[in-house]
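So the structure is just underneath, and the comments pick up after that.
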Amino acid sequence: MARQFFVGGNFKMNGNIKTIKDIVSNINNAKLDPSVEVVIAPPSLYLLLAREHLREGLEVAAQNVFDKGNGAFTGEISVPQLKESNITWSILGHSERRVILQEDDQFVASKTKAAIDGGISVILCCGESLEQREAGKTIDVVTTQLKAVAEKVSDWSKIVIAYEPIWAIGTGKVATTEQAQEVHAAIREWLKKEVSSEAAEKTRILYGGSVTEKNSGELSKQPDIDGFLVGGASLKPAFVDIINCKGA
């Protein structure tokens with residue numbers, strides 16, 4: 001069975017009430033490929049705004065979630081709070097949180113387990129730095145990040161993996177089609193070996209890292225690239241072209 005193509009838009013810490021409404025309106029009014037699953041992730045302040053205005057069939061993700069259900073955790077959002085607000089996805093393990101906010105593999109894994117257990121699906125990010133790539137450690141780094149999750153989570157049916165080479169995020173540099181496919185194939189092989197054949201076959205693996213309407217078409221043709229996690233381009237009208245790139 002073919003894996004459903006998936007396009008996520010990570011707005012990061014961008015936008016205001018007007019621009020979020022404009023982006024949502026543009027997506028709502030666009031003719032989108034009905035076979036593509038679409039999820040947008042606005043800043044937490046605008047999650048409810050986006051959910052209220054986004055049309056049915058399109059989903060909203062939080063950019064983070066905490067691994068405890070409630071309590072004295074200033075500034076955090078819990079899985080039950082997201083669930084009650086009809087926010088069905090979360091982005092976890094993004095390199096900006098790993099690098100800037102010092103989140104380690106175990107914390108990301110703990111948050112992933114909390115999300116899955118609480119009924120929130122996860123876009124699980126992994127990726128290497130330029131230094132790690134040049135040292136030939138890409139696969140080791142990525143699989144170590146995933147292994148931490150596999151030690152806490154057995155059901156991968158609610159997880160979408162996003163491979164995001166850190167050196168390609170927001171830099172304009174893009175992994176070549178061959179580089180991206182090579183890592184995606186290695187991740188799938190790892191899933192087969194360490195999780196299950198079913199997980200390897202069914203888990204969608206997205207590419208993220210300066211994805212645009214210009215390079216999405218070629219990347220989407222690769223056998224192990226099942227979609228994209230889009231950063232800056234998700235704030236622009238071209239996001240629709242990326243969603244529709246399979247049919248272009």
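- One finds a salt bridge joining Lys12 and Glu96 here, because a Lys/Arg side-chain nitrogen approaches an Asp/Glu carboxylate oxygen to under 4.0 Å.
- Of the inter-residue distances, the one linking Trp156 atom CH2 with Glu194 atom CD reads 10.5 Å to the nearest 0.5 angstrom.
- Of all non-hydrogen atoms in Phe11 and Pro43, the two that sit nearest each other are CB-CD, 4.2 Å.
- The existence of a salt bridge linking Arg98 and Glu103 is excluded, since no basic side-chain nitrogen approaches an acidic carboxylate oxygen closer than 4.0 Å.
- Interatomic distance, Leu191 CG to Ser197 OG, rounded to the nearest 0.5 Å: 10.5 Å.
- Nearest heavy-atom pair across Ala180 and Tyr207 is CB-CD1, 4.0 Å.
- Here Lys193 does not pair with Glu189 in a salt bridge; the nearest charged N to carboxylate O distance is not below 4.0 Å.
- Linking ILVMFWY residues whenever their side-chain heavy atoms come closer than 4.5 Å, directly or via other members, leaves Val38 and Val160 in distinct clusters.
- Leu49 is connected to Val24 through a chain of hydrophobic side-chain contacts under 4.5 Å among Ile, Leu, Val, Met, Phe, Trp and Tyr, so both are in one cluster.
- More than 12 heavy atoms of other shown residues, nucleotides or ligands fall within 6.0 angstrom of atom CG in Leu101.
- Considering every non-hydrogen atom in both Ala62 and Ile87, the closest pair reads N-CG2, 3.7 Å.
- For the atom pair Glu198 CD and Asp155 CG, the distance stands at 9.0 Å (nearest 0.5 Å).
- Side chains of Gln181 and Asp224: a donor-acceptor N/O pair is present below 3.5 angstrom, by distance only.
- No side-chain donor-acceptor contact under 3.5 Å links Ser234 to the backbone of Gly9.
- In this structure the side chain of Leu82 reaches within 4.5 angstrom of the side chain of Val65, judged on heavy atoms.
- Remark: the His94 side chain and the Glu164 side chain contain an N/O donor-acceptor pair separated by less than 3.5 Å.
- Remark: Ser216 OG to Lys221 NZ distance equals 10.0 Å, nearest 0.5 Å.
- With contacts defined as side-chain heavy-atom distances shorter than 4.5 Å, the pair Gln63/Ser44 does not qualify.
- Checking side-chain atoms of Gln179 against main-chain N and O of Thr176 turns up a donor-acceptor pair under 3.5 Å.
- Lys246 and Ser220 get closest at one heavy-atom pair: NZ-O, 3.2 Å.
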Candidate pair Ile40 and Leu58, rule side chain to side chain contact (heavy atoms under 4.5 Å, CB included), full reasoning: CA-CA 8 Å; Ile40 61 167; Leu58 307 177; over 6 Å; no
Run the numbers on Ser25 and Asn29 for side chain to side chain contact (heavy atoms under 4.5 Å, CB included), then give the verdict. CA-CA 6 Å; Ser25 176; Asn29 294 323; 3.3 Å; yes
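- Note on ring orientation: taking the six-membered ring where Trp is involved, the planes of Phe73 and Phe66 are tilted (angle from 30° to 60°).
- For the pair Thr212 (side chain) and Lys214 (backbone), a donor-acceptor distance under 3.5 Å is present.
- The hydrophobic clustering, which links ILVMFWY residues whose side-chain heavy atoms are closer than 4.5 Å, places Trp167 and Val99 apart.
- The closest side-chain heavy-atom distance from Val108 to Gln145 is not below 4.5 Å.
- Using a distance-only test at 3.5 Å, with no hydrogens or angles considered, no donor-acceptor pair links the side chain of Ser110 to the main chain of Gln106.
- Heavy-atom neighbours of Lys152 NZ from other residues, nucleotides or ligands within 6.0 Å: above the threshold of 12.
- In this structure, Ile123 and Ser90 have side chains that are not in contact, with every pair of non-hydrogen atoms separated by 4.5 Å or more.
- For the side-chain contact (heavy atoms from CB on, under 4.5 Å) test with Val122, the passing option among Val153, Ile116, Val149 is Ile116; the others fail.
- Listed here is the closest heavy atom pair of Cys125 and Leu229: SG-CD2, 3.8 Å.
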May I have the step-by-step check of side chain to side chain donor-acceptor pair (under 3.5 Å) for Glu218 and Thr177, ending in yes or no? CA-CA 7 Å; Glu218 190 58 37; Thr177 307; 4.9 Å; no
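- Residues Glu128 and Thr138 bring a donor and an acceptor atom of their side chains to less than 3.5 Å of each other.
- Residues Val195 and Ala150 share a closest heavy-atom pair of CG2-CB, 4.4 Å.
- Ring centers of Phe228 and Phe6: at least 6.0 Å apart, outside the cut-off.
- Under a 3.5 Å cut-off, the side chain of Asn215 and the backbone N or O of Ser210 do form a donor-acceptor pair.
- Using a 4.5 Å heavy-atom cutoff, the side chains of Leu124 and Leu146 are in contact.
- Because its NZ or CZ atom is both nearer than 6.0 Å to the ring centre of Phe107 and within 45° of the ring axis, Lys111 counts as a cation-pi partner of that residue.
- For CG of Asp104, the number of neighbouring non-hydrogen atoms (other residues, nucleotides, ligands) closer than 6.0 Å is greater than 12.
- Between the side chains of Asn16 and Thr19, at least one donor N or O lies within less than 3.5 Å of an accepting N or O.
- Under the 4.5 Å side-chain contact rule for hydrophobic residues, Ile139 and Ile205 share a cluster.
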Kindly indicate, with the supporting measurements, whether the criterion side chain to side chain contact (heavy atoms under 4.5 Å, CB included) is fulfilled by Asn28 and Leu54. CA-CA 6 Å; Asn28 284 345; Leu54 195 64; 3.7 Å; yes
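- The shortest distance between side-chain heavy atoms of Asn10 and Val230 does not fall below 4.5 Å.
- Side-chain contact of Gln132 with Ser129: a donor-acceptor pair under 3.5 Å is present, judged by distance alone.
- Side-chain atoms of Asn70 and Pro80, non-hydrogen and from C-beta on, never get closer than 4.5 Å to each other.
- We find that Glu201 and Arg188 are not joined by a salt bridge, their nearest charged nitrogen and carboxylate oxygen being 4.0 Å or further apart.
- Taken from NZ in Lys83 to OG1 in Thr88, the straight-line distance is 8.5 Å, to the nearest 0.5 Å.
- Under a hydrophobic-cluster definition in which Ile, Leu, Val, Met, Phe, Trp and Tyr are linked whenever side-chain heavy atoms come within less than 4.5 Å, directly or via other members, Val211 and Leu32 are assigned to the same cluster.
- Looking at Glu37 and Phe5, their side chains never come closer than 4.5 Å, going by heavy atoms from C-beta outward.
- With hydrogens and angles disregarded, a donor-acceptor distance shorter than 3.5 Å links the side chain of Gln81 to the backbone of Ser78.
- The distance from the CG atom of Asn14 to the CG atom of Leu235 is 5.0 Å, given to the nearest 0.5 Å.
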So Gln4 and Arg204, side chain to side chain contact (heavy atoms under 4.5 Å, CB included) or not? Walk me through it. CA-CA 8 Å; Gln4 184 182 13; Arg204 291 170 292 180; 3.8 Å; yes
